[in-house]
Peer 1: 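Take a look at this one; I'll ask things after.
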Amino acid sequence: MAVTVEAVVNAVSAALHKVFPDRPVYINQQEQDFKRPSFFVDAVYWTRARQNIGTDRTELFLTVYCLEKLTVNRNGDLALALQTADKVEGLFRLGALPVGDRVLKTVASRGGQDRGECDVDLTVSWNDWNGYDPDAGYPLMEKLHTEVVPDESR
């Protein structure tokens, strides 16, 4: 079964919700009155490239933002955000993310923190069959015409 970007984002969201069941997980957009503490999962971008004649490799780059309750200064609670980011990074540190009937490779790295809110960067990669059909490709091939010309210098 082919893996979709949507399925990967949903799997990351489900993994977060399993460890942090009381926190909402927002995907690619924050509601105007979003709740804290919560997570914001942003599918930043992905690349897809042909690996060989029948396989494509996809790499999806995501950022998980850890949004804690605000302090009196309207900043996130830095100590709590760092603890949460450590747990999130640990959640994906094993390098395997179940998605449907597959397990995809993950790489987690600390993204950073700003005013008491942390983020963790994730890269999820997988290979999929690209539907290679040699018979369908034959009409697309250019015809190669060669002309053999004798070498007069011999």
Side-chain angles (χ1 to χ4, degrees), residues 1-137 139-141:
M1 176 172 98
V3 175
T4 64
V5 171
E6 179 185 16
V8 174
V9 171
N10 287 336
V12 168
S13 175
L16 290 167
H17 189 68
K18 188 174 183 178
V19 174
F20 302 92
D22 298 334
R23 292 181 180 227
V25 179
Y26 301 99
I27 298 175
N28 277 7
Q29 64 182 17
Q30 289 176 333
E31 298 174 8
Q32 185 172 357
D33 297 321
F34 70 93
K35 296 179 181 175
R36 290 174 179 266
S38 60
F39 295 105
F40 173 58
V41 178
D42 187 16
V44 181
Y45 67 95
W46 61 91
T47 61
R48 185 167 289 137
R50 178 160 285 203
Q51 286 297 99
N52 56 42
I53 200 163
T55 307
D56 289 338
R57 178 167 184 79
T58 303
E59 287 188 318
L60 173 60
F61 301 89
L62 301 115
T63 300
V64 177
Y65 296 93
C66 307
L67 308 174
E68 296 299 339
K69 290 186 178 184
L70 297 178
T71 64
V72 293
N73 296 330
R74 306 281 304 151
N75 291 329
D77 183 331
L78 177 59
L80 194 53
L82 289 171
Q83 291 171 8
T84 301
D86 278 339
K87 287 181 185 176
V88 170
E89 189 178 21
L91 177 62
F92 298 103
R93 187 176 289 139
L94 290 177
L97 176 68
V99 178
D101 62 349
R102 311 244 321 255
V103 177
L104 309 183
K105 179 183 176 189
T106 62
V107 176
S109 62
R110 175 61 39 80
Q113 77 84 29
D114 182 32
R115 296 179 56 165
E117 299 198 346
C118 291
D119 56 87
V120 175
D121 295 327
L122 301 176
T123 304
V124 181
S125 56
W126 67 93
N127 290 339
D128 268 326
W129 176 248
N130 65 18
Y132 168 71
D133 180 0
D135 293 333
L140 302 175
M141 292 181 185

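FYI, the numbering just counts along the sequence from 1.
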Peer 1: Would you call Leu70 and Glu117 a side-chain contact if the rule is heavy atoms closer than 4.5 Å?
Peer 2: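 Contact flag for Leu70/Glu117 side chains = yes.
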Peer 1: Check whether any side-chain heavy atom of Asp77 sits under 4.5 Å from a side-chain heavy atom of Lys69, and report yes or no.
Peer 2: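 Result no, sub-4.5 Å side-chain heavy-atom pair not found.
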Peer 1: Evaluate the side-chain proximity of Leu122 to Thr106: yes if any heavy-atom separation is below 4.5 Å, no if none is.
Peer 2: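 A side-chain contact is absent here, since even the closest heavy-atom pair is not under 4.5 Å.
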Peer 1: How many angstroms lie between atom CG of Leu94 and atom NZ of Lys105, to the nearest 0.5 angstrom?
Peer 2: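 One gets 14.0 Å once the value is rounded to the nearest 0.5 Å.
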Peer 1: Is there a side chain to side chain contact (heavy atoms under 4.5 Å, CB included) between Phe92 and Leu97 once you walk through the steps?
Peer 2: CA-CA 7 Å; Phe92 298 103; Leu97 176 68; 4.0 Å; yes
Peer 1: Are the side chains of Val99 and Thr4 in touch, meaning some heavy atoms are under 4.5 Å apart?
Peer 2: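 A side-chain contact is absent here, since even the closest heavy-atom pair is not under 4.5 Å.
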Peer 1: Would Val25 and Phe20 satisfy side chain to side chain contact (heavy atoms under 4.5 Å, CB included), going step by step from the backbone distance to the final call?
Peer 2: CA-CA 9 Å; Val25 179; Phe20 302 92; over 6 Å; no
Peer 1: Looking at every non-hydrogen atom in both residues, tell me the closest pair between Asp119 and Gln113 and how far apart they are.
Peer 2: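 Minimum heavy-atom contact is OD2-N, 4.4 Å.
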Peer 1: Roughly how far apart are Leu62 CG and Asp121 CG, rounded to 0.5 Å?
Peer 2: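 One gets 9.0 Å once the value is rounded to the nearest 0.5 Å.
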Peer 1: So, taking the atom named OG1 in Thr58 and the one named CG in Asn127, what distance separates them when rounded to the nearest 0.5 Å?
Peer 2: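 Going from the OG1 atom of Thr58 to the CG atom of Asn127 covers 8.0 Å.
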Peer 1: Counting C-beta onward and ignoring hydrogens, is there a side-chain heavy-atom pair between Leu67 and Tyr26 closer than 4.5 Å?
Peer 2: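 A side-chain contact under 4.5 Å is absent here.
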Peer 1: For the backbone of Asn52 and the side chain of Thr55, can you confirm whether one donor and one acceptor N or O come within less than 3.5 Å of each other?
Peer 2: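 The answer is no, because no donor-acceptor pair under 3.5 Å joins these two groups.
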Peer 1: Where is the tightest heavy-atom contact between Val3 and Arg102, given as atom of each residue plus distance?
Peer 2: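 So the two residues come closest at CG2-NH1, 3.3 Å.
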Peer 1: Write down the atom of Arg57, the atom of Gln51, and the distance for their closest heavy-atom approach.
Peer 2: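 Of all heavy-atom pairs spanning Arg57 and Gln51, the closest is CB-CG, 3.3 Å.
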Peer 1: Which atom names give the shortest non-hydrogen contact between Leu82 and Cys118, and what distance separates them?
Peer 2: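 Nearest pair, atom of Leu82 first, then Cys118: CD2-SG, 3.5 Å.
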Peer 1: For Val9 and Ala43, work out which heavy atoms get closest and say how close.
Peer 2: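 It is CG2-CB, 3.9 Å.
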Peer 1: Which value, rounded to the nearest 0.5 Å, describes the distance between Arg36 atom CZ and Cys66 atom SG?
Peer 2: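 The distance works out to 11.5 Å.
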Peer 1: If we only count heavy atoms from C-beta on, is the Phe34 to Pro24 side-chain gap below 4.5 Å?
Peer 2: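 A side-chain contact under 4.5 Å is absent here.
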Peer 1: Hey, are the side chains of Phe39 and Arg23 touching, using non-hydrogen atoms and a 4.5 Å cut-off?
Peer 2: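 The answer is yes; the side chains approach within 4.5 Å.
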Peer 1: Please give me the minimum heavy-atom distance between Trp126 and Leu104, naming the atom from each residue.
Peer 2: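 The answer is CB-CD2, 3.4 Å.
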Peer 1: Say you draw a straight line from NE2 of His17 to CG of Asn10; how long is it, rounded to the nearest 0.5 Å?
Peer 2: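 One finds 13.0 Å between NE2 of His17 and CG of Asn10.
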